[in-house]
Every structure is written in C-alpha cells, then in structure tokens.
Amino acid sequence: MDHQHRRNTAVSELPTTSSAAVGSVERPLRVAVIGSGPAGVYAADILTKSDEVKSGELTVSIDLFDRYPAPYGLIRYGVAPDHPRIKGIVNALHKVLDRGDIRFFGNVDYGTDLSLEDLQNHYDAVVFATGAIKDADLNIPGVELDGSYGGADFVSWYDGHPDVSREWPLEAREIAVIGNGNVALDVARVLSKHADDLLVTEIPENVYAGLKSSPVTDVHVFGRRGPAQIKFTPLELRELSHSKDVDIILYAEDFEFDEASDEAIQSNNQIKTMVGTLTNWFAEQPEDLSELTASRRLHLHFLHSPVEITDSAETPGKVAGIRFERTELDGTGNARGTGEFVDYPVQAVYRTIGYFGSSLPGLEFDHKKGVISNDGGRVLDAAGAPVPGVYTTGWIKRGPVGLIGHTKGDALETITHLLADRAGLPVAGAAAERAVTELLESRGVEFTTWEGWNRLDAHELALGAEATANGGSHGVTVERERIKVVSREEMVSISRNGADAVVGS
C-alpha cells in the first residue's frame, strides 16, 4: 500500500469531533505547534498561561511537533556548545515541557509525515515555529569555490545535527569569517579554539576529532562597518578572550567613528561596553605583533566589504584568498566604498551574514524576506487574506533578527491573535487526542515522545559521566556533563526503546 493511499485511508477512518463546544472541558481547543525550539515552546506556554485558560473560560490541548527526535531546536542545533548561559534557557524550556500539559512528538517531518490538510483535520489552530536554518546568500564571485562554506552548515556540524555529514574539511591554516554578528563570533571562536578546551562541552566525538586535527593558525573576522556598528553582544565579545593559547589582534586603521557612532556610544550602554572592550584590547596589544606568543591568532577587522573569493593557478577551483574593498563611515553609521582594495591569503571562507527561512508546503512564502507571509502572526494566503486557524511565530514569522529572549514577545502577539480569533476558528473533524497518534502509527512514523527524550537525555548524561569516570576524554582530565548523540537512528532507538536496545543491536 503506497504512502498516499495509507494517508487517505487513515484520515477517513479517524473519529470525528463530538457536538461539545470547542474550548470546553469535554472538547478542548486543539492546537498544533510545529517546531519545538524557543519560539514554539514559548507560544505553547503562553497559550496555557493566558487569562482565558487560567480563568477556566477556555480549555486547550496542545501538541508540539518537531522534525528532529529531540526538542529545543535552535538551542540544541544552532548555538555554540561552549555557551554556559544556554543551559539556563534549556532548563526553562524543560520545565514547560515537563509539566505534562503539552505533548511532544519528535521525528515528525511537516510536509512528509503530516500535511497542512492533516493538521487542519486534527487541530482547530496550527502555529508554525520552524525557524530559519539556511545561510543568507552572499552574491560575490568565487562563492562556489571549494573551501567556501555557509556558517549555518558549520554550526550544524559542530552541534551534532543528525542530518548533516559527520565529516567537515578542516584543512585551512588561514580562515576568513565574513560577518559581525553573534554567529560569526561563534564560528570564529570554535575554529580558533583548541579542541581539548571544548571537551567540557557536549560536543560529539566526531566533532572533537575534526577540530583536533585542524591545522589552523589564523582566523580573520571581517565586518563591513565600524566597531560601533557591530552586532555582537558584550557577552559574546568577552568570551573571545577566554580561549586559551589564542591571541586577539586588532588594527588601528579599523577604529573609525562618525557622528552616528559617537551618538550610539553615548546613548547605548551595550555599544559603549563593546567599543570600550575593543579599545582596551587594542591599547593592551604590543606594537610589535611578533611579541605575541599564542599558537593561534584571532584577527578582528572592521570596514571591509567582501568583493571576491579567489583561487590560484596552483589550486584552481579551491579557495586561495579573499578580496575586500575598504569602506568608510558616511556620518549616519552606514558604510560606503573607498575604492581601495586589499587581499588576504586564506584557504577557507565562512559566510555568516545571517540566516534565511525555508518555504513550507501549503503556505505562502515571502522569498525576499525568507518568512511565511503573515500579518502579526496570522498566516496570509496568496490574495493577502488570513488563512483561518493558521499562525506563525519566531524567525519564520519575522526573520532571523533579535536574541532568543525577543521570541517571547513575538509569541505573545501571535497567541493574542489566535485567542481573539477563536470564535471563528474552523472546527477540526478529528480532534480526539488519540486521532493524530493513530494517524502517525498508521503511516509507520517512528515518532518520539517527551518520555523518550528523558531516556535520550539520561543516556547522553551517562555518556558524559562515563567519560569523566574514566579520567576524562582523550587523555585530558576534564569533567564532561554530557556527550551528544548524533545519529538520528540511534536517537530514535534510544527514545523509543531505551539505551539497552542500541547496545544489544
């Protein structure tokens, strides 16, 4: 029986809703959230804590779906592993999902395992929180050369993403990282940091092995504007100085401030702090750079706009360098070209100029902005009219801007609109909680649950404890809290059957 036939048969056999009022105790408002990163979890949590629900006026039943076997989305697969503050966000998300009033379905891929029609048949409202995982395009010559990489792809690799290759070509001695945001610093820090110093994190064994073999000596980070226009956060910037045996190098010609820069420094404490940090680092730097003794160097460059990634006659088709046009500030904080060009010899280029959303089957997509077409979280059709019962939140709603904390306000707007619309929401025909479970099972989808995540979580913690008990890892004495499992098959097997099933297989 083919997949489509099984799909049609399964839907036709599912139970229909009773005559009870939607939102009542007998028939809660059924809501599906697609994506279990911060955006999706915050949306589900805000709905459960809304005044309408707390007062008893409304009851809700929420199912959270994710294409990956484990929850947390961006937190698990999009943030550098050496960020201690991320643990706090994970703990907060865990508390929400551990309450038991939100069901988790992992390893369920929207568009493959469930369609929009399926969701509309089983839920009164659907909230898409699928985020943005692709790199924004950098349209310059040479971007296709071997050794030119998307930063998002590298992040997925070092975060143990189950759907990317276990191998990463770390062969370059000199590397350029293009971008002046937090992801650029994450990428540069991981590239320049010694692998042994990452053993305290949850990095998988293949990531440690790859970084350990890296011959890198110099990592250059390039920004188009000046020090007062950087998009880092103070914490991200300060973390650079915590890397052992890595010298930070700055350049006098890059410290340019215009009227807008001075105003930003005076009015914004965050910018003032970061400019102060950079200025202090430069002041403490020896005039003779040969006095620096670290085996690796991290160079921070400003006022550079990428023009071309180049190869050479010796290595045709492979990155051999990168050319920039020097820029200058125009008085408004923006940059313009000066006509002066400079070349840097590098063997790899990482593009970290931002993320971009991916279109989803059945939904209108704004290909310029990389978001689902929406108005304040209400998803729009091709004519610009709201699609009843379909909503969006997070980066796939507003674009990949802002910090994780900003997602709460974004989710609040979406859920506020959902609640305002609830009297006119289309009524799901197969709203019983067991209906979607039966549908997935009938299609052979090996979905994971919250209980399954707890099993996988315990397994990863046990791997860390075992490594610690054996004296650390790879001859390095270090306490390892956890070691991340990479294989999707292994994640699913542990989640559904327990670790013993994997060991005995």
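In this text, all values refer to a predicted model and were calculated from it rather than measured experimentally.
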S.K.: Before we go on, tell me: are the rings of Phe65 and Tyr110 under 6.0 Å apart, centre to centre?
M.R.: no

S.K.: Looking only at non-hydrogen atoms, find the nearest pair between Val33 and Ile62 and report the distance.
M.R.: CG2-CG2, 4.1 Å

S.K.: Could you tell me whether Asp196 and Lys244 make a salt bridge, using a distance below 4.0 angstrom between a side-chain N and a carboxylate O?
M.R.: no

S.K.: Using only atom types and a distance under 3.5 Å, with no angle test, would you say the side chain of Ser493 pairs donor to acceptor with the backbone of Glu490?
M.R.: no

S.K.: When you compare the side chain of Lys408 with that of Pro38, does any pair of heavy atoms fall below 4.5 Å?
M.R.: no

S.K.: Strictly under 6.0 Å, is that where the ring centroids of Phe302 and Tyr251 end up?
M.R.: no

S.K.: For the residue pair Ser115 / Asp118, report whether a side-chain donor-acceptor contact shorter than 3.5 Å exists.
M.R.: yes

S.K.: Assess the side chains of His242 and Asp82: does a donor N or O sit below 3.5 Å from an acceptor N or O?
M.R.: no

S.K.: Given the side-chain rings of His459 and Trp453, with only the six-membered ring counted for Trp, is the space between their centroids under 6.0 Å?
M.R.: no

S.K.: Classify the side-chain pair Thr48/Arg99 by whether it contains a donor and acceptor separated by less than 3.5 Å.
M.R.: yes

S.K.: Verify whether one side chain among Tyr72 and Asp66 offers a donor that lies under 3.5 Å from an acceptor in the other.
M.R.: no

S.K.: Looking at His304, His301, Arg297, which one forms a side-chain hydrogen bond (donor to acceptor under 3.5 Å, both in side chains) with His220?
M.R.: His301

S.K.: Where the side chain of Thr414 meets the backbone of Ala411, is there a donor-acceptor pair that is under 3.5 Å apart?
M.R.: no

S.K.: Under 3.5 Å, is there a donor-acceptor pair between the Ser61 and Glu433 side chains?
M.R.: yes

S.K.: Would Arg480 and Thr468 count as having a side-chain donor-acceptor pair, cut-off 3.5 Å?
M.R.: no

S.K.: Provide the closest heavy-atom pair for Leu116 versus Leu363 in the form atom of the first, atom of the second, distance.
M.R.: CD2-CD2, 4.0 Å

S.K.: Assess, by modelled atom type and distance only, whether the side chains of Asn107 and Tyr68 contain a donor and an acceptor separated by less than 3.5 Å.
M.R.: no

S.K.: Decide yes or no on ring-ring contact (aromatic ring centres under 6.0 Å, His included) for Phe222 and Tyr344, but give the supporting numbers first.
M.R.: CA-CA 11 Å; Phe222 295 95; Tyr344 293 86; 5.0 Å; yes

S.K.: Spell out, as yes or no, whether a donor-acceptor pair under 3.5 Å connects the side chain of Asp366 to the backbone of Lys369.
M.R.: yes

S.K.: Could you check whether Asp457 pairs with Arg482 (Lys NZ or Arg NE/NH1/NH2 to Asp/Glu carboxylate O, under 4.0 Å)?
M.R.: yes

S.K.: Look at the side chain of Arg296 and the backbone N and O of Lys193, then say whether any donor-acceptor pair between them is shorter than 3.5 Å.
M.R.: yes

S.K.: Examine Phe447 together with Phe105 and report whether their ring centres are nearer than 6.0 Å.
M.R.: yes

S.K.: Do Trp168 and Tyr158 have their ring centres less than 6.0 Å from each other?
M.R.: no

S.K.: Give a yes or no on this: more than 12 heavy atoms of other residues, nucleotides or ligands lie within 6.0 Å of atom CD of Glu441.
M.R.: yes

S.K.: Using only heavy-atom distances, determine whether the side chains of Glu489 and Ser487 contain a donor-acceptor pair under 3.5 Å.
M.R.: yes

S.K.: Report yes if some heavy atom in the side chain of Met491 is under 4.5 Å from a heavy atom in the side chain of Glu460; otherwise report no.
M.R.: no

S.K.: Where the side chain of Asp410 meets the backbone of Gly394, is there a donor-acceptor pair that is under 3.5 Å apart?
M.R.: yes

S.K.: Charged N to carboxylate O below 4.0 Å: is that the case for Arg488 and Asp163?
M.R.: yes

S.K.: Cation-pi between Lys134 and Phe356: NZ/CZ under 6.0 Å from ring centre and within 45° of the ring axis?
M.R.: no

S.K.: Using a cut-off of 6.0 Å, state whether more than 12 heavy atoms not belonging to Glu144 lie near its atom CD.
M.R.: yes

S.K.: Report yes if some heavy atom in the side chain of Arg103 is under 4.5 Å from a heavy atom in the side chain of Leu64; otherwise report no.
M.R.: no

S.K.: Quick one: does any side-chain atom of Asp98 pair with a main-chain N or O of His94 as donor and acceptor, under 3.5 Å?
M.R.: no

S.K.: With distance as the sole test, does Gln347 use its side chain to make a donor-acceptor pair with the main-chain N or O of Arg173 at under 3.5 Å?
M.R.: yes

S.K.: Any chance the side chains of Ser148 and Arg351 put a donor and an acceptor closer than 3.5 Å?
M.R.: yes

